[in-house]
Structure formats: structure tokens, C-alpha cells
S.K.: 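After the C-alpha cells below, expect a handful of questions from me.
Numbering of ligands and ligand atoms starts at 1, following listing order.
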Amino acid sequence: MRPTWAEIDINSLKSNFLQVKRIVGKDVGVISVVKADAYGHGSVNVSKALIDSGSNLLGVATVEEALELRDSGIDAPILLLGGIQPDEVEAMVKNNLIPSLFSLASAHAINTYAEKIGKKVRYHLKVDTGMSRLGVCVGEICDFLENLLNFRNLELEGVFTHFANADLNSSEPTLEQISVFNVMLSLINQAGLNPQYIHSANSAAIQRFPESHMNLVRPGIMLYGAGRMGDFELKPVMKLKTRITQLKRITAGTPVSYGGTFIASRPSIIATLPIGYADGYMRRLSNRARVSIRGFTAPVVGTVCMDMTMVDSTEVPGVMAGDEVVLFGDEMVSAEDVARWADTIPYEIFSITGKRVPRVYI
Ligand SMILES: *Cc1c(COP(=O)(O)O)cnc(C)c1O
């Protein structure tokens with residue numbers, strides 16, 4: 001096998017889950033967000049570990065993601081965070097998946113099918129309090145609830161909203177969203193509805209806004225050890241690793257990789273790594289990122305190729321072909337570092353880690 005892999009540390013994952021529990025307290029449940037293959041960590045193994053640790057529900061983006069979990073024997077409640085298409089209703093109901101509802105057309109489609117097979121389908125109502133993405137807006141909620149009450153085979157299990165700015169310095173926009181949410185919750189109560197779950201907090205809000213915890217929280221990124229917003233201990237779960245394929249000595253003035261965007265300014269030792277942008281190691285990291293080798297860091301030099309990347313290992317004492325290299329996830333180079341070098345966020349770094357990179361669970 002090509003020596004490029006992502007180590008997934010299940011103990012660190014569980015420790016991050018316990019950190020969430022410690023922050024929110026025992027009376028608040030957790031819906032672990034495992035969309036996008038658990039942010040690239042592998043949703044089946046991650047979900048099993050989180051359920052073991054006491055996760056109440058799982059959250060995914062699509063029906064396909066939910067079916068992958070069901071097919072591997074996971075029977076925990078699964079909330080579909082995205083919308084639902086009419087042709088997905090049957091699979092959704094048969095697999096006992098919980099839809100997020102924000103449109104009467106979907107409500108109608110689900111209710112019709114549920115009626116036909118004589119089943120009640122529980123759902124979570126999604127309200128928009130300022131993100132302008134999915135959800136019923138505050139001006140529409142009363143009409144919406146009135147219509148919803150006509151659907152006899154639907155059962156309201158939860159109400160939720162999502163924050164747009166919980167990780168910003170300013171608390172203002174989030175406090176505003178919480179207050180709109182509270183207004184909508186009282187309108188929902190006035191309509192005679194008393195859902196079991198009320199939830200709003202993503203990882204940033206879990207750490208910064210206790211008043212957003214309600215009775216269920218939705219951590220994603222912090223389970224994977226990133227997105228720390230204070231004095232909390234979170235452990236990286238993914239370590240992206242490879243081994244040096246070839247070492248070569250080049251003279252000063254020698255260009256490296258496509259386009260010669262790097263030219264050695266001194267005699268150098270160049271290490272070629274069998275990982276590239278097709279593995280999710282972004283081309284934009286060319287001449288910007290560093291990797292970790294033997295307790296030192298070495299800079300990426302020249303453009304990142306589809307399957308290979310070169311680093312300048314001149315200053316790594318004793319460097320040898322076959323040495324293990326950590327692209328991110330150890331004490332020397334974090335996913336946050338890589339995200340900064342690539343002008344993005346750790347979410348993207350994790351979730352684009354390619355299909356071609358085997359996940360190794362430890
Ligand atoms: C992705 C997502 C989350 C998790 O967000 P993090 O910032 O990763 O904690 C929570 N809720 C919804 C609706 C999401 O789409």
C-alpha cells in the first residue's frame with residue numbers, strides 16, 4: 001500500500017465528547033454531528049464510538065449519509081440536518097430517520113406517505129433566526145404552524161435553529177439570534193406544541209453561550225479536536241501521515257516542481273512525499289505549509305502536485321527515505337496551522353481529506 005494514511009484516535013474523540021458533556025452538564029443531551037463522513041474521520045466508526053460515549057442522536061446532512069450508518073447496524077436516532085426531497089421520503093420513513101422541516105411541501109409529502117403506511121413520523125422544525133439559510137422565518141411562523149397542525153401523521157419532536165456568528169469576537173449577533181429563537185419558541189408553545197428537544201448550539205456556542213444550550217447541543221468540529229474557543233482541552237483526532245518516498249540533494253539554483261515556483265538558494269535536501277491535492281492536501285499550500293519530520297518542521301517547496309509534494313528537509317538532522325512525516329495533527333503542525341496557510345478553516349481541511357487516504361483507527 002502507498003504509505004499515506006490518516007490515523008483516527010478514538011480515545012481523543014471520546015475525550016472531546018466528554019469535554020462537551022462537562023461543559024453542558026448532565027441535563028443537556030448531545031446530537032453529535034457526523035455529516036460529511038464525520039468531517040472526514042469516517043462516520044461509521046466515529047458514530048459507534050460517540051454512541052458508546054452517550055451521544056443521544058446523530059446529525060447528518062443527507063439521506064445517503066444516514067443510510068450508510070443504518071447499513072452498518074447503527075440504530076440510534078438520526079436527524080437529517082438538510083432538506084428532504086420528495087423521492088427520499090420513502091427511504092427516510094422506512095429507515096426511521098428524522099427530517100428537519102421548514103417547508104409545507106415537504107411536510108405534505110411526508111404526511112401523505114406516512115398516512116398511506118399508517119405511521120407517525122417525528123420531525124424537528126427548523127427556524128431561521130438570522131443565518132438566512134434553512135428554516136422558517138419569524139414572520140412566517142404563525143401561518144406555518146397553523147398549516148402544520150393539519151398534518152395528522154407528523155409529530156413535532158424538536159425545534160432548532162443555527163448560529164451564523166457564534167465564533168466571532170462580538171457576541172451581539174448570537175445573542176440577537178437567541179432572542180429571536182426564544183420569541184419563536186413561545187409562539188410554538190402558544191400554538192399548543194411542546195417539543196421534547198430544543199437546540200441551537202454548535203461547537204462555538206457550546207463553549208461561549210451557555211444560554212444557547214437549551215436541552216440539546218449539536219457539536220461538530222470540537223468533537224474532532226478543533227475550534228477551541230477558550231480554556232477547554234480538546235484533542236486532535238486526525239493525524240494525516242505519509243512517508244518520504246525519495247530524498248535528493250540539489251544544488252543552489254535548482255528549481256523544484258511544476259513551474260519552478262521554488263528555486264533552491266543553497267545546496268538542499270529535498271524530500272518527495274506521496275501525497276498531493278488529490279488526497280486533499282491543497283495546491284494552495286504550495287510554498288506555504290510546513291510538515292513535521294523527526295520533531296522538526298520542514299517547508300513545502302514548489303507546487304503541490306496531484307499525488308506528490310516536495311519539502312525542504314535540509315535542516316532535519318538525520319533525515320532518511322522512509323521517515324514518517326506528519327502533515328497535520330501532532331504537536332508540531334496542527335490542522336489549524338494548515339487551515340491558516342490555506343486561507344481556510346479546519347472544517348475544510350478535515351473534510352477534504354481524500355477518499356484515497358485510508359483511515360486507520362487507533
Ligand atoms: C454542521 C452543523 C453543526 C455543527 O457545527 P460545528 O461548528 O462543527 O460544531 C451544527 N448544526 C448544524 C445545523 C450544522 O449544519
S.K.: Which residue and non-hydrogen atom of the protein lie closest to atom 7 (O) of ligand 1, and at what distance in Å?
M.R.: Tyr347 OH, 2.6 Å
S.K.: For atom 11 (N) of ligand 1, tell me which residue out of Met131, Arg218, Lys126 has the closest non-hydrogen atom.
M.R.: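 Nearest option to atom 11 (N) of ligand 1, by heavy atoms: Arg218.
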S.K.: Going by the atom numbers of ligand 1, which of them fall below 4.0 Å from some non-hydrogen atom of Ile221?
M.R.: 6 (P), 8 (O), 9 (O)
S.K.: Has Met131 got more than 12 heavy atoms of other residues, nucleotides or ligands less than 6.0 Å from its CE?
M.R.: yes
S.K.: Under 4.0 Å between a Lys/Arg side-chain N and an Asp/Glu carboxylate O for Arg266 and Glu315?
M.R.: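 Answer for the salt bridge query: yes.
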S.K.: Is the closest heavy atom of Arg133 to ligand 1 under 4.0 Å?
M.R.: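 Yes, Arg133 has heavy atoms under 4.0 Å from ligand 1.
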S.K.: Before accepting this row, confirm whether a basic side-chain N of the pair Glu90/Lys94 lies closer than 4.0 Å to the acidic partner's carboxylate O.
M.R.: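 A salt bridge is present here (some side-chain N lies under 4.0 Å from a carboxylate O).
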S.K.: Enumerate the atoms of ligand 1 whose separation from the nearest heavy atom of Tyr39 is less than 4.0 angstrom.
M.R.: 1 (C), 4 (C), 5 (O), 6 (P), 8 (O)
S.K.: Does a salt bridge link Arg2 with Asp279, judged by any charged N lying under 4.0 Å from a carboxylate O?
M.R.: yes
S.K.: Does Lys116 NZ have over 12 foreign heavy atoms under 6.0 Å away?
M.R.: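 Check fails, neighbour count at 12 or below.
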S.K.: For atom 9 (O) of ligand 1, which candidate among Ala204, Ser203, Ser100 provides the closest heavy atom?
M.R.: Ser203
S.K.: Crowded around Tyr258 OH? As in, over 12 foreign heavy atoms under 6.0 Å?
M.R.: no
S.K.: Considering only heavy atoms, does Lys35 approach ligand 1 within less than 4.0 Å through its side chain, its backbone, both, or neither?
M.R.: side chain
S.K.: Does Pro219 reach ligand 1 with a nitrogen or oxygen that is under 3.5 Å from one of the ligand's nitrogen or oxygen atoms?
M.R.: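 No, no N or O pair falls under 3.5 Å.
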